[in-house]
Amino acid sequence: MERRRVVVSGMGTVNAAGCGSVDFVQSLRQGRSGIGPVSVFDTALYRTHLGGEVRDFRPGELLPRGIPRRHMSRCDLMAMVAAFEALGDAGLRPLPQALQKAMGVVIGGGAGGMLECEEVYRRWLEGKARPSFAPFASFGCAATADHLAATLGLMGPKTTFMTACSSGATAIGYACDLVRDGFAEVMLAGGAEPLCRITYSAFNALQAVDAAPCRPFDKNRQGLNLGEGAAILVLEEAGHALRRGAVIYGEVLGCGVSCDAHHMTAPDPEGGGAILAMSRALADAGVSPQQVDYINAHGTATPTNDPIETKAIKTLFGPHAVRLAVSSTKAITGHTLGAAGAIEAVVSLLAIHHRFIPPTLRHEEPDPQCDLDYVSEGARDREVDIVLSNSFAFGGNNTALLFGRYREGGHRDV
Amino acid sequence: MSDPIAISGIGIVSPLGISLASFAPRLFAGDCGIAPLTLFATGEGGPRLAAQVDGFRPQDYLRPATARRMDRLSQMVAAAARMAQDDAGLPIDAGNRDHIGVTVGTCFGGTDVAATFGKVLFDEGPRRVNPILVPNTVMNAPAGHLAIEFGVRGVNTTVNHREVAAETAIGHAAALLRRGRAAAIFSGGGDILSPFAMTVFARFAALSPGDAGEEGAFPFDRRANGLVLGEGAAILCLEPLSRARARGVRPYCLLAGCGMASAPAPATGWPTSPEGSVLAMQRALAAAGIEAAQVDVVCASANGAPALDRLEALAIAQVFAGSRPRVVAEKGALGEGLSSGATRAAAMALSLRDQRLAPVVGLSQPIADFDFVRKGDAEKRPLRYGLLNGIAAGGTFVALIFKAMEEGEGQ
């Protein structure tokens, strides 16, 4: 049986550094950071006050007229805007009726409708009023996919993954398998995450947050900045995309998923799970480590993640580790948790399509434990054919995605 | 012919008993797991029934050091996985631990922990919250804890999609195994009763009321007036048949196909059209390569919510227009366990191995003309194929097809 290949024919994103992928690519090229004061809730009582917030988010102006927004959370709406952008980008607006029945959606979630639920919950705890529980329809992560499918009339497979900070990548990997296995010709896949008080206080309590803008791989890094956003990809069977003359941003070459089985919040010091995820993505793609041009790192800027990720890359890539470029775009977007894997999939595909490597912002003082080429000087124009995107999460959940420039003959080497 | 996916072990923590040995006899006898809720106090005049898990002793299954770090849901999931591992006789060692995966479905996750965390956040402020709680507020906590408990580094995912989370996780596991992404996967799901879940469902008027009419779970019955919440966890050990066979294990049954679909639905409610459920069932049949008429038993999702039961009755009638499978609806005994698909999959696996079916508890005046399984029924036909139907509020549908082992197969 001929192997079914999966390409990305459309992308959309909303995040602190860009509303739409055209805007986002400018931020990535210019190293423009979206990190600033958080305003979606009052941070006065918190230890830190910064985040990668989507400012002036006006879904009413960004969505086509007549799209009902009732009962949708901020998270749902960011995903909705990204999905419409992705479909428009793919030349699938309006969505052909013939596609709707088999097309599905897979979302990687995080806090979902938590921001809105927090208000209700706070009032419920006060025990006074009987607040409307309507926002709880968006509790958990499923509401985003439900709203997308209902709005677009999708009747294909629909589900939601929650593997914390790797959710978005896990969702894309799963949707890719659905297309490969013939369960769908076209899928929407991505992730969405809102800033909210529960998450913000949780990361602060774990002392994982830098009060200043984060510095991935820098010697003086103090932790991450939380962010929010959404990114949606149109995944399409290659032949289907070619037949309709779609622009192809790149191919999903492979996906690797693993678990550290070490600790719920601390990474395995040997990077065992990270190595497994990366090597599985390469094996799935039949690509050798030497073919990889760029790694979009998990690079959270926490004291533990960055050296362990560096060590894992060095272990797996051997001498090639110093030749490839590694950068963390979380200094630009913040750590968008459930959305991060999807936003960074967009970064990876933009790098391939626009032939450049985005920089690691604020990487100033080298750390002897982080000794790779982190693209500190600014965006680098160069040919980029194969990109590995890492997402590591609480629970030890690791997902690595491998993307490549679309070539008729593919990239299989092994 | 590719290697079929087998269910080689089952672990269960349920309102009808902990471990298969206590669950199976009560399930097939038609016992009801629904009783007055005693885990925590319920609101005055509100619903007072639930299907709660009693007598669960995590220390019987888990190491004290790890069990201590787990929330109640993670303990249930990890304990069920330990039972499934023992049942499957699957040794886990340095040689295979990287190839053993976990896929868990949950609707609400550890909401009791999240509620505790949130209470401090809102009552005392963000600087007073307890960092120890954080890992267990996240939906993927059970899968992460389970991986640590077993030391398994294979594929590890958590599906968080309302009432079909577990069905999806099981279908996902089968697809992963077929692609060779793991050698064995512990797959299933769990949810727990909590004041949070009771409050949310009560506010949406989804529960069988405590202050009007008869409180209870009456799937497919004219008396149906809402669901009764349940809890529990079930984990299946899934692996390619050849691997189970190589260990000399005779599996319960095979997982032959999975079908998924979506259809528009109100944000908090059940879809109005049966189309999505019909599509999921038809896709599952196609994936298994069988006709509807070959299905001997359907395990329905019906939970006593009138709109869901009507919708599912229409869908089953449409898919099985030309045949008359037996119909079971276990939420009458187990309550709406949210990620109930795992427990129902365990029941289906037992049914296909033992050729027995569970009577529909809470059914006296059916709303549909199906061949429902009743107490005292003799088994009418050999059970070869079973279809498990999953429907979630918000319009998500998953159907799984299970196939009994053939004579000589898996020996």
Side-chain angles (χ1 to χ4, degrees), chain A residues 45-47 71 104-105 109 118 121-122 124-125 133-134 136-143 145-147 149-150 153-164 170 174 177 181 183 197-198 200-202 204-206 257-265 272-273 276 280 393-397, chain B residues 69 97-98 102 107-109 114 117-119 121-123 125-127 129-131 134-135 137-141 143-145 147-148 150-162 168 172 175 179 181 199-200 203-204 260-265 267-268 275-276 279 283 392 394-396:
Chain A
L45 295 174
Y46 293 75
R47 190 176 62 83
H71 294 310
V105 54
E118 283 168 356
Y121 187 60
R122 192 177 55 75
W124 178 59
L125 283 177
F133 264 56
F136 275 85
S138 286
F139 182 82
C141 321
D146 285 348
H147 283 303
L154 307 182
M155 301 200 77
K158 173 175 72 182
T159 196
T160 307
F161 283 92
M162 203 305 182
T163 55
T170 307
Y174 174 72
D177 272 2
D181 289 342
F183 289 108
R197 300 165 188 87
I198 295 258
Y200 205 77
S201 61
N204 259 308
L206 291 169
V257 184
S258 75
C259 190
D260 276 3
H262 170 72
H263 188 273
M264 288 300 284
T265 53
L276 283 173
R280 282 170 189 163
F394 281 3
N397 282 156
Chain B
R69 294 192 181 92
R97 77 181 192 118
D98 287 352
V102 175
C107 175
F108 272 169
F117 183 88
K119 190 166 168 13
L121 170 61
F122 291 110
D123 284 353
R127 288 176 188 244
V129 298
N130 183 356
V134 172
T137 62
V138 189
M139 302 282 180
N140 66 340
H145 280 301
I148 294 169
F150 282 13
V152 291
R153 306 201 296 180
V155 57
N156 187 299
T157 67
T158 298
V159 177
N160 181 214
H161 203 97
R162 305 194 197 265
T168 310
H172 178 37
R179 278 210 158 261
R181 290 191 187 274
T199 305
V200 170
R203 287 297 177 94
F204 282 120
M260 301 168 75
S262 171
T268 61
E275 192 183 0
L279 272 176
R283 286 170 181 166
T396 314

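Numbers restart at 1 for each chain; the letters A, B, ... are given by sequence-line order, proteins then strands.
- Using a 4.5 Å heavy-atom threshold, the side chains of A/Phe183 and B/Arg283 count as separate.
- Of all heavy-atom pairs spanning B/Pro131 and A/Leu206, the tightest one is O-CD2, 3.8 Å.
- Side-chain contact between B/Arg162 and A/Thr160: absent, with no pair of heavy atoms (C-beta onward) separated by less than 4.5 Å.
- For chain B, the option among A/Gly109, A/Cys259, A/Gly272 with the highest count of heavy-atom pairs below 4.5 Å is A/Cys259.
- The nearest pair of heavy atoms linking A/Met155 to B/Ala263 is CE-CB, 3.8 Å.
- When every heavy atom of A/Ser201 is checked against every heavy atom of B/Val129, the shortest pair comes out as O-CG2, 3.9 Å.
- The ring-ring contact (aromatic ring centres under 6.0 Å, His included) check on A/Tyr174 picks up A/Phe161, B/His172, with sequence neighbours excluded.
- Of the two parts of B/Phe150, neither the backbone nor the side chain holds a non-hydrogen atom closer than 4.5 Å to a non-hydrogen atom of chain A.
- Here the closest heavy-atom approach between residue B/Val138 and residue A/Met162 is recorded as CG1-CE, 3.5 Å.
- Using a 4.5 Å cut-off between heavy atoms, B/Val200 contacts chain A through both its backbone and its side chain.
- Contacts of A/Thr159 with chain B are made by both backbone and side-chain atoms, with heavy-atom separations under 4.5 Å.
- The side-chain contact (heavy atoms from CB on, under 4.5 Å) test applied to A/Val257 returns A/Cys255, A/Thr399, B/Val155, B/Thr157, not counting sequence neighbours.
- Neither the backbone nor the side chain of B/Ala143 comes within contact range of chain A; no heavy atom of the residue lies under 4.5 Å from a heavy atom of that chain.
- The minimum heavy-atom distance linking B/Ile148 with A/Ala261 is given by the pair CG1-C, 3.8 Å.
- Across A/Ala164, A/Ala393, A/Ala149, the residue that shares the most heavy-atom pairs under 4.5 angstrom with chain B is A/Ala164.
- Closest non-hydrogen pair, A/Lys158 versus B/Ser262, comes out as NZ-OG, 3.2 Å.
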